[in-house]
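These numbers were taken from a predicted model, which means no experiment stands behind them.
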Amino acid sequence: MTPDMISNLSTIAPELILAVGAMVLLMIGVFSGERGNTMVTGLAVAILIGAGAWMVLIGEQGEAFGGAYISDPFARFMKVLTLIGSVVTLAMSVSFAQEEKFDKFEYPVLILLSTLGMLLMVSANNMLTLYLGLELQSLALYVVAAINRDSTKATEAGLKYFVLGALSSGMLLYGISLVYGYTGNIGFDAIAAALGQGERQLGLVFGLVFVLAGLAFKISAVPFHMWTPDVYEGAPTPVTAFFAAAPKMAAMALVVRVVVGPFEPVAADWQQIIVFISIASMLLGAFAAIGQKNIKRLMAYSSIGHMGFALVGLAANTEVGVRGVAIYMAIYLAMTLGTFAFILAMRRKDGNVEQIEDLSGLAQTNPMMATIMTILMFSLAGIPPLAGFWAKWYVFLAAIQANLLALAIIGVLASVVGAYYYLRIIKIMWFDEPAGGFVPMTGELRIVLGLSGLFVLFYMLVGQPVEALAEAAARAFF
């Protein structure tokens, strides 16, 4: 084996750990049958943690495979967030999967393969790596959405996601072909160099639009959000938690890398697109969630809105803006994992419940659970001094410094509107008549809900390391 190949394999070691681990677990699952389901899940969590530990403690920086893959501080930061999302959601799913009878060994294997695709997306440095990583992630997610074959809603959710996902992949490929046709390159650095040499052409702008449309689907930004509410509601709750956490980290990282990297010379064009989808996502997320009665559907629209807020920082096209996006995604991850731990704990003796009215009077039957959920709702609404306020502070600050005052003002107004449906949940928990308590939470859900609540509540005391890492991640581009 040549020194170059050894160097390449060393650079992509975290991805190799996941790829080899997934294949080994597949064999273990096949030969051990149903007896090995819980063991495979536990080993999958261990593999994900091992990949993250390697990345943090040993991981090398630099390019691999002729510049197709890049490992830099930004990639490391977003990959760690992605792995945290995968580990936590997989751990939270164990009890639920056993209760709902879909604890198959294929589930953790698919989570591993999907996470592998996400890590490749974050480190993509040319259009082919981008597409391969994105499709590896997506193909696993299509199956995971419909993993509960006994549920008609889950099957419908998987089918909708597959059809719309295929459409978005076609748009992305068409955009990539246009970009290649007009620049003659697929490498991000080479595309940036080609765009910086001459005048931009109209066909290239069309290619940029199609590429961003394909990526916007993955972060469920308006107008490519149509799949989100139905898939969030129809998929099993642990799968919905996974959808809301890890893939969002990887997709947002990819959007940042694509626009700030190869398309930096045509920033004036992509900034207009980012501003539009940011405003549309914030407004739709704020208004469409108001009438929702299913809490998973409400979280779908909340997620759409939060992706819009994160894009406010990206629209600034500055180091401060990219830092704001990184901080926003880290805080969003903590809030989302805590909220879905709560939703998974909404369980009565006859099964899980998902209606917001089922939370009536929770403060009287389980005051600690209601208190932590109240903290998370206030944070999602952006109430100071909780973590959600600082997430919005950094992206709005970047927009103001970049003279995008109208965007920042619209974002603040959307926050005010969106606060209504978060406060409504708090009102139902604390002031309505009790609708009956829930069964005791499992240990893993208690840990996730508690840690999330503590992080959000004491962010001002513990957030400094996150902000320092986000700043180092942003400097990778500037």
Side-chain angles (χ1 to χ4, degrees), residues 2 4-5 7-9 11-12 15 60-76 78-79 117-138 168-219 250-274 277 314-315 317-319 322 473-478:
T2 64
D4 280 351
M5 181 57 71
S7 174
N8 289 340
L9 294 177
T11 306
I12 65 160
E15 286 83 356
E60 298 181 10
Q61 295 192 27
E63 296 183 353
F65 300 105
Y69 175 102
I70 186 168
S71 177
D72 57 16
F74 178 79
R76 182 178 296 189
M78 297 306 293
K79 282 181 179 181
M118 293 175 211
L119 298 193
L120 287 172
M121 284 165 60
V122 176
S123 283
N125 201 36
N126 76 18
M127 290 296 182
L128 282 184
T129 317
L130 177 158
Y131 187 73
L132 288 172
L134 194 137
E135 284 304 296
L136 177 57
Q137 174 219 10
S138 298
S168 78
S169 293
M171 294 170 70
L172 178 66
L173 266 182
Y174 183 57
I176 290 172
S177 68
L178 285 174
V179 171
Y180 175 69
Y182 279 94
T183 63
N185 295 287
I186 58 171
F188 287 178
D189 296 337
I191 291 172
L195 293 179
Q197 287 175 355
E199 294 183 13
R200 66 162 179 74
Q201 295 161 294
L202 185 60
L204 182 70
V205 176
F206 273 102
L208 170 62
V209 170
F210 277 106
V211 168
L212 287 180
L215 297 180
F217 177 90
K218 299 304 175 186
I219 59 171
M252 184 60 76
L254 187 55
V255 173
V256 172
R257 193 175 287 286
V258 165
V259 297
V260 181
F263 293 115
E264 171 59 29
V266 289
D269 294 308
W270 64 253
Q271 276 180 294
Q272 296 176 50
I273 302 170
I274 296 295
I277 63 177
L314 181 57
N317 189 29
T318 60
E319 184 180 327
V322 174
R475 276 201 297 269
F477 295 110
F478 296 95

K.L.:
For T11 and F65, what are the C-alpha separation, side-chain angles and deciding distance, and is it a side-chain contact (heavy atoms from CB on, under 4.5 Å)?
P.N.:
CA-CA 10 Å; T11 306; F65 300 105; over 6 Å; no

K.L.:
Has the side chain of E63 got a donor or acceptor atom that lies under 3.5 Å from a matching backbone atom of I70?
P.N.:
no

K.L.:
Kindly write out the residues that satisfy ring-ring contact (aromatic ring centres under 6.0 Å, His included) with F188, not counting sequence neighbours, or none if the list is empty.
P.N.:
none

K.L.:
Measuring from atom CE of M118 to atom OG of S138, what distance do you get when rounded to the nearest 0.5 angstrom?
P.N.:
9.0 Å

K.L.:
Among all residues two or more places apart in sequence or in another chain, which pass the side chain to side chain contact (heavy atoms under 4.5 Å, CB included) test with L173?
P.N.:
Y131

K.L.:
Would you please name every residue forming a side chain to side chain contact (heavy atoms under 4.5 Å, CB included) with Y174, sequence neighbours left out?
P.N.:
S177, L178, F210

K.L.:
Drop me the distance from L204's CG to L195's CG, to the nearest 0.5 angstrom.
P.N.:
5.0 Å

K.L.:
Could you check whether any side-chain heavy atom of F477 comes within less than 4.5 Å of a side-chain heavy atom of E264, counting everything from C-beta outward?
P.N.:
no

K.L.:
Determine the minimum heavy-atom distance between Q271 and A315, stating which atoms define it.
P.N.:
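Between these two residues, the closest heavy atoms are NE2-O, 2.8 Å.
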
K.L.:
Going by salt bridge (charged side-chain N to carboxylate O under 4.0 Å, His left out), name the pairs with one or both residues in residues 201-218, residues two or more places apart or in two chains.
P.N.:
none

K.L.:
Going by salt bridge (Lys or Arg N to Asp or Glu O under 4.0 Å), name the residues that satisfy it together with E15, two or more places apart in sequence or in a different chain.
P.N.:
K79

K.L.:
How many angstroms lie between atom CD1 of I176 and atom CG of L128, to the nearest 0.5 angstrom?
P.N.:
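Reported to 0.5 Å precision, the distance equals 7.5 Å.
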
K.L.:
Please output the side-chain donor-acceptor pairs of residues 253-261 that fall under 3.5 Å, not counting sequence neighbours, one pair per line with the distance.
P.N.:
from	atom 1	to	atom 2	distance (Å)
R257	NE	V122	O	2.8
R257	NH1	D72	OD2	3.2
R257	NH2	D72	OD1	3.1
R257	NH2	D72	OD2	3.4
R257	NH2	V122	O	3.3

K.L.:
Can you tell me how far apart OG (S123) and CG (L130) are? Round to the nearest 0.5 Å.
P.N.:
12.0 Å

K.L.:
Under the side chain to side chain contact (heavy atoms under 4.5 Å, CB included) test, which residues partner A194, sequence neighbours left out?
P.N.:
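In terms of side chain to side chain contact (heavy atoms under 4.5 Å, CB included), with neighbours along the sequence ignored, A194 is linked to T183, N185.
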
K.L.:
Does T129 have any side chain to side chain contact (heavy atoms under 4.5 Å, CB included) partners at least two apart in sequence or in another chain, and if so, which?
P.N.:
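T129 satisfies side chain to side chain contact (heavy atoms under 4.5 Å, CB included) with A68, A124, N126 once adjacent residues are dropped.
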
K.L.:
For the residue pair P73 and Q61, what are the closest heavy atoms and their distance?
P.N.:
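Of all heavy-atom pairs spanning P73 and Q61, the closest is CD-OE1, 3.4 Å.
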
K.L.:
Measuring only between side-chain heavy atoms, which start at C-beta, is V179 closer than 4.5 Å to I191?
P.N.:
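In short, these two side chains touch, coming nearer than 4.5 Å.
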
K.L.:
Who passes side chain to side chain donor-acceptor pair (under 3.5 Å) against D269, sequence neighbours left out?
P.N.:
R200

K.L.:
Passes side-chain contact (heavy atoms from CB on, under 4.5 Å), F74 versus R475? Steps please.
P.N.:
CA-CA 8 Å; F74 178 79; R475 276 201 297 269; over 6 Å; no

K.L.:
Which value, rounded to the nearest 0.5 Å, describes the distance between L208 atom CG and L212 atom CG?
P.N.:
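Spacing of CG (L208) from CG (L212) equals 4.5 Å.
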
K.L.:
Compare all side-chain heavy atoms of L9 with those of M5 and state whether any distance is below 4.5 angstrom.
P.N.:
yes

K.L.:
Got a sec: does the OH of Y69 have more than 12 other heavy atoms crowding it under 6.0 Å?
P.N.:
yes

K.L.:
Is it true that, when you exclude Y180 itself, more than 12 heavy atoms of the residues, nucleotides or ligands shown sit nearer than 6.0 Å to its OH?
P.N.:
no

K.L.:
By side chain to side chain donor-acceptor pair (under 3.5 Å), which residues pair with S71, not counting sequence neighbours?
P.N.:
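Here no residue qualifies.
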
